[in-house]
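Let me begin by presenting the structure, written as structure tokens, before commenting on it.
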Amino acid sequence: MSDYNELYQQVILEHNKKPRNFKLLDDPEAKKAVGKNPLCGDHYYVSVALDEAGNVEDVGFQGDGCAISKASASMMTQAVKGKPKEDVLKMRDEFHQMLTQALPEGHHLGRLTILQGVKEFPVRVKCATLAWHTLAAAIEGEAEVSTE
Ligand code: ZN
């Protein structure tokens, strides 16, 4: 196994075992959405609190699904904390592009590029992007998103 494959496996296993920000926010002002990927059975709630300037103050997720969907959601919550919502929406586009085309030039994905191995498994792309679409829906005021 190559070093990259090993890292990819390790990161997914580790986030799956100990997902970060695995909670829903108490904040009544928090924006919430639910995301479903019926093909795989992934099902997540994402809640996000924005400060007055529109930066992500706190974010959490709950739900269930395959290892890739959960690891991706966990890594997403770490990556977007403190970021302006516009940047989060841009990251969602970049992440989707990374898995369906190629890593865009000048991207803002940082450590999330570890997940680009998902590109080799097209049926898993929807698993990996589900949390991102759910977070974007919450930010944009939509209550529900489905990959189908
Ligand atoms: Zn899945």
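Ligands are counted one by one from 1 in listed order, and the atoms in each one are counted from 1 as well. For reference, positions follow the sequence shown, starting with 1.
- A donor-acceptor pair is defined here as one N or O able to donate and one able to accept, closer than 3.5 Å; no such pair exists between the side chain of Ser74 and the backbone of Pro19.
- A salt bridge links Asp58 with Lys23; the closest basic N to acidic carboxylate O contact falls under 4.0 Å.
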Evaluate the criterion side-chain contact (heavy atoms from CB on, under 4.5 Å) for residue pair Val11 and Met75; output intermediate values, then yes/no.
-> CA-CA 9 Å; Val11 166; Met75 292 177 76; 3.6 Å; yes
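- Here the shortest heavy-atom pairing between Asn21 and Gln78 reads ND2-N, 4.0 Å.
- Less than 2.8 Å away from the Zn ion (ligand 1), the protein contributes these N/O/S atoms: Cys40 SG, Asp42 OD1, Asp42 OD2, Cys66 SG, Cys127 SG.
- One finds a salt bridge joining Glu148 and Lys126 here, because a Lys/Arg side-chain nitrogen approaches an Asp/Glu carboxylate oxygen to under 4.0 Å.
- Residues Val34 and Phe22 fall into different hydrophobic clusters, defined by Ile, Leu, Val, Met, Phe, Trp and Tyr side chains chained together at heavy-atom separations under 4.5 Å.
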